[in-house]
*Asks:* 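This is the structure I have questions about; it appears just below.
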Amino acid sequence: MARNLIKNPCGEEELEHWEEVENGGDGWKVEELPGDCGAAFPSDGISKYFASSFEQCSKTQVIDLLKHGYSNEFLDSQPNIMISDWYAKRNDSGSSYELQVQLLSESRNVISEFSIKHTAIPESDFSFNQVSHTFIKYGPGVRFIKFTNGGKSLKNWKGWYGVRVTGSSVTIN
């Protein structure tokens, strides 16, 4: 089984390992499931999520693939890179969600990118949704992966009424 290269994907360590943190409104908050989300997570092993606020919140991890033990030769063979993220809204407020994953060269130039921009989560959606993508045939030279997710409340209520994110994952096969 491939290992998850994202550290602290579910908020067990608050915002530890996340960088370039944008704390709009009241910032990020870690909550226990089901919390104000009201939705159960569809699989075992995840007990927390990151809750965003009424202004844009985002958080980033940059994964150095060489430091994770992958060789230049292996990376240049273009192994499949799978990303996944789970998101939901609070039970009484609509939210927007966004995700951007970039495959970067040694000099941090973008080789390939996958993104979802400001996806509105309908107020009638009371479940966790998974987004996933597999990078294939993206070209040689990938040395870093930049993973950024976030969102906000659509009602602009003070507090943590924005998107809930958890279970972020980057794996290489």
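Atom set for the values below is all heavy atoms of this structure, side chains included, hydrogens, waters and symmetry mates excluded.
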*Asks:* Short question: side chain of Trp86, backbone of Arg164 - any donor-acceptor pair under 3.5 Å?
*Replies:* no
*Asks:* Do Ile63 and His68 come close enough that some side-chain heavy atom pair is under 4.5 Å?
*Replies:* yes
*Asks:* Quick check: is Val170 connected to Leu65 through a chain of hydrophobic side chains (ILVMFWY, heavy atoms under 4.5 Å apart)?
*Replies:* yes
*Asks:* Using the rule that two of Ile, Leu, Val, Met, Phe, Trp, Tyr join whenever any of their side-chain heavy atoms come within less than 4.5 Å, decide whether Tyr70 and Ile111 are in one cluster.
*Replies:* yes
*Asks:* Where the side chain of Asn80 meets the backbone of Asn173, is there a donor-acceptor pair that is under 3.5 Å apart?
*Replies:* no
*Asks:* Would Ile6 and Ser169 satisfy side-chain contact (heavy atoms from CB on, under 4.5 Å), going step by step from the backbone distance to the final call?
*Replies:* CA-CA 6 Å; Ile6 295 283; Ser169 174; 5.6 Å; no
*Asks:* Please say yes or no: joined through hydrophobic side-chain contacts below 4.5 Å, possibly via intermediate residues, are Ile83 and Trp18 part of one cluster?
*Replies:* yes
*Asks:* Cut-off 3.5 Å, side chains only: do Ser127 and Asp125 have a donor facing an acceptor?
*Replies:* yes
*Asks:* Apply the test side-chain contact (heavy atoms from CB on, under 4.5 Å) to residues Phe114 and Ile116: give CA-CA distance (whole Å), side-chain angles for both, the deciding distance (0.1 Å), then the verdict.
*Replies:* CA-CA 7 Å; Phe114 173 78; Ile116 296 174; 4.1 Å; yes
*Asks:* Mind checking whether Tyr161 and Phe50 sit in one hydrophobic cluster, side chains of I, L, V, M, F, W, Y counted as touching below 4.5 Å?
*Replies:* no
*Asks:* Distance check, rounded to the nearest 0.5 Å: Glu22 atom CD versus Trp28 atom CH2?
*Replies:* 9.5 Å
*Asks:* Give, for atom CG of Asn4 and atom SG of Cys10, the distance between the pair rounded to the nearest 0.5 Å.
*Replies:* 8.5 Å
*Asks:* Find out whether Glu12 and Ser47 are in side-chain contact, i.e. whether some heavy atom of one side chain is under 4.5 Å from a heavy atom of the other.
*Replies:* yes
*Asks:* With sequence neighbours excluded, give me every salt bridge (charged side-chain N to carboxylate O under 4.0 Å, His left out) pair touching residues 96-113.
*Replies:* none
*Asks:* How long is the gap from CG on Leu103 to CG on Asn109, to the nearest 0.5 Å?
*Replies:* 13.0 Å
*Asks:* So, taking the atom named OG in Ser84 and the one named CG in Leu99, what distance separates them when rounded to the nearest 0.5 Å?
*Replies:* 9.0 Å
*Asks:* Is the closest side-chain heavy-atom distance between Gln100 and Lys117 below 4.5 Å?
*Replies:* yes
*Asks:* Assigning hydrophobic clusters by single linkage (Ile, Leu, Val, Met, Phe, Trp, Tyr; side-chain heavy-atom cutoff under 4.5 Å), is Val131 placed with Phe41?
*Replies:* no
*Asks:* Would you compute the distance between atom OH of Tyr97 and atom OG1 of Thr119 and round it to the nearest 0.5 angstrom?
*Replies:* 8.0 Å
*Asks:* Quick check against the 3.5 Å criterion: does Gln61 have a side-chain atom that pairs as donor or acceptor with the backbone of Lys7?
*Replies:* yes
*Asks:* Looking at side-chain heavy atoms only, is the closest gap between Val163 and Ser96 below 4.5 Å?
*Replies:* no
*Asks:* Kindly give the heavy-atom pair with the smallest separation between Ser53 and Gly159, and that separation in Å.
*Replies:* OG-O, 2.6 Å
*Asks:* Could you check if a side-chain atom of Pro42 sits within less than 4.5 angstrom of a side-chain atom of Phe128, using non-hydrogen atoms only?
*Replies:* yes
*Asks:* Could you walk me through whether Gln56 and His118 pass side-chain contact (heavy atoms from CB on, under 4.5 Å), step by step?
*Replies:* CA-CA 10 Å; Gln56 184 63 34; His118 302 290; 3.7 Å; yes
*Asks:* Identify the two heavy atoms, one from Gly24 and one from Cys57, that lie closest to each other, and give their separation to 0.1 Å.
*Replies:* O-SG, 3.4 Å
*Asks:* With sequence neighbours excluded, what pairs up with Asp92 under the salt bridge (charged side-chain N to carboxylate O under 4.0 Å, His left out) test?
*Replies:* Arg90
*Asks:* Donor-acceptor pair, Thr166 side chain versus Lys48 backbone, under 3.5 Å?
*Replies:* yes
*Asks:* Can you give the donor-acceptor pairs under 3.5 Å from side chains of residues 137-153 to other protein atoms, not counting sequence neighbours?
*Replies:*
unit_1, atom_1, unit_2, atom_2, d
Tyr138, OH, Pro79, O, 2.6
Arg143, NE, Asn72, OD1, 2.7
Arg143, NH1, Asp76, OD1, 3.0
Arg143, NH2, Asn72, OD1, 3.4
Arg143, NH2, Asp76, OD1, 3.1
Arg143, NH2, Asp76, OD2, 3.2
Thr148, OG1, Thr60, OG1, 2.8
Asn149, OD1, Lys59, NZ, 2.9
Asn149, ND2, Asp85, OD1, 3.4
Asn149, ND2, Asp85, OD2, 3.0
Asn149, ND2, Ser168, OG, 3.3
Ser153, OG, Ser93, OG, 3.3
Ser153, OG, Lys155, N, 3.0
Ser153, OG, Asn156, N, 3.4

*Asks:* Would you say Val110 and Ser112 make side-chain contact, with heavy atoms under 4.5 Å?
*Replies:* no
*Asks:* Do Val165 and Tyr49 come within less than 4.5 Å of each other through their side chains, counting heavy atoms only?
*Replies:* no
*Asks:* With the side chain counted from C-beta on, respond yes when His133 and Met82 share a heavy-atom pair under 4.5 Å apart, and no when they do not.
*Replies:* no
